[in-house]
Amino acid sequence: MPNTIIHLDMDAFYASVEQQDHPELRGRPVIVGGGRNRGVVAACSYEARPFGVRSAMPISRALRLCPEAVLRPVRMARYQQVSRQVFAIFARYTDRIEPLSVDEAFLDVAGCGRLFGTAVEIAKRIRREVRDELGLAVSAGVAPNKFLAKLASESAKPDGLLEIAPEKVDDFLLPLPVERIWGVGAKAAQQLHRYGCRTVADLRLLSEMQLKGMFGVWGENLYRLARGEDSRTVEVDQPSKSFGAEETFASDLRRLEDLRRELLGQAEKVAARLRRHGLEGRTLTVKVRFDDFETLTRRLTLPEPSANGMTLYRAGIELLQRTDAGTRPVRLLGLSVGGLEPAGQGQASLFPDAGSQRLAEIDRAVDKLSERFGSGRVRRGTLFEGEDEEK
Ligand SMILES: [Mg+2]
């Protein structure tokens, strides 16, 4: 399989934009963050990193480590503006673009070869154009799949390009620490360390059954990732073809139960909107932004298209659990539903079982109450009780 996936990730994006907009800051340590009593580093320039400054660190601590650093407030509107320019450069080469955040995306350039050359040649051109036109550095990873492409761009930073040729996957992957694998957080890493797994090579020694035993269904995923296999395709966002809700919190949410309550509200809102339009959705995406502005999305395909608040909520919880939410403060949470189609197309609706009929009845009741009292006022109190058993 040829290399067709490119992962692009801007280097120290917010800090680099500040340096670009304020030439006197170039070559100096820059810290972006603070404001509205959020005292953490949102981003720092590469000049600040040798001092030990990192994202998510309290600004007071960062300034103690690097007193000569220049502190700049977060200017999100400006970063979004630059982000649009960056994505416009990506779009010169393909329309198969999956944005992961303001400064990061996957591109699938299969079939672009005749026009623009190989994936590596395209990555080189994008890097040059972003540098020449915007004065910013973007690192690139080129690989046969998304998992490997992202690892490659991480290894290429700063301001680099790395290709993992299909026959070189093991050379690259086996020596990496398990923490580098997508989805292996601190907790999973600890568990793997207890089994003597420190590198991907160690992880290869565990069977699929063993990994399933340790991590449930996700263990199967881990088994494949350890072999460099990832079947996820580049998901092109079609903004008009999804319904979503998101919320930036006045103060960061730390407790999982608060996030779940928020997610339930969003699921109900999106589901009600789908029903108003006579639609059901097949894919569900949860977006989480942490206090250090790291933003990630998790997506799954539902077994059946749905416009049911509880179904969306349950799937959303599953996705939320694949993030560090609950251990790291969350400043933004969002839920959206895509893969929309007219309601009543799926099998479940043709042969409704008692359960789904009952869910539909509850939905109708919620809709009626919402009409009378305004949406957002109606909440299924019993859901909280049923869903809180984990604690
Ligand atoms: Mg970045």
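FYI, side chains are in, hydrogens and waters are out, and symmetry mates aren't considered; it's all heavy atoms of this structure.
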Answer yes or no for [X] and [Y]: cation-pi contact, defined as NZ/CZ to six-membered ring centre under 6.0 Å and angle to ring axis within 45°.
X	Y	value
Arg84	Phe87	no
Arg322	Trp182	no
Arg328	Phe290	yes

Under a 3.5 Å threshold, yes or no: a donor from one side chain and an acceptor from the other, between [X] and [Y]?
X	Y	result
Thr233	Glu235	yes
Gln81	Arg78	yes
Asn145	Glu229	no
Asp103	Ser101	yes
Glu98	His7	no
Gln19	Tyr46	no
Arg180	Ser155	yes

In Å, rounded to the nearest 0.5 Å, how long is the span from [atom1] of [X] to [atom2] of [Y]?
X	Y	atom1	atom2	value
Lys187	Asp324	NZ	CG	9.0 Å
Thr283	Leu300	OG1	CG	8.5 Å
Leu259	Leu253	CG	CG	5.0 Å
Glu220	Met209	CD	CE	9.5 Å
Cys66	Arg61	SG	CZ	12.5 Å
Glu262	Glu247	CD	CD	5.0 Å

Check this for me, if you would: do [X] and [Y] make a salt bridge, where the nitrogen-to-carboxylate-oxygen distance has to be below 4.0 angstrom?
X	Y	value
Arg131	Asp159	yes
Asp170	Arg204	yes
Glu133	Arg92	yes
Lys168	Asp171	no
Arg72	Glu18	yes
Glu68	Arg28	no
Lys146	Asp108	no
Arg282	Glu341	yes
Asp11	Lys157	yes

Under 4.5 Å between side-chain heavy atoms, hopping through other hydrophobics if needed: is there a path connecting [X] to [Y]?
X	Y	value
Ile317	Val288	yes
Leu151	Leu161	no
Trp218	Leu319	no
Ile6	Ile164	no
Val138	Val120	yes

Between Ala12 and Cys44, what is the shortest heavy-atom contact and its length? CB-O, 3.5 Å

With side-chain contact (heavy atoms from CB on, under 4.5 Å) as the test, pick out the partner of Tyr313 among Glu318, Arg260, Glu268. Arg260

What verdict does the salt bridge (Lys or Arg N to Asp or Glu O under 4.0 Å) test give for Arg275 and Glu280, after you've listed the backbone C-alpha separation in whole Å, the side-chain angles of each residue and the deciding distance to 0.1 Å? CA-CA 7 Å; Arg275 293 193 297 269; Glu280 291 178 334; over 6 Å; no

Exam field: side chain Tyr195 to backbone Gln191, donor-acceptor pair closer than 3.5 Å: no

Heavy-atom donor-acceptor pair, Asp132 side chain to Glu129 backbone, under 3.5 Å: no

Assess the residue pair Val86 and Met10 against the criterion (side-chain contact (heavy atoms from CB on, under 4.5 Å)); give the C-alpha distance rounded to whole Å, side-chain angles, the decisive distance to 0.1 Å, and a yes or no. CA-CA 9 Å; Val86 170; Met10 303 295 291; 3.8 Å; yes

Do Leu284 and Leu312 make a side-chain contact, defined as non-hydrogen atoms from C-beta onward lying under 4.5 Å apart? yes

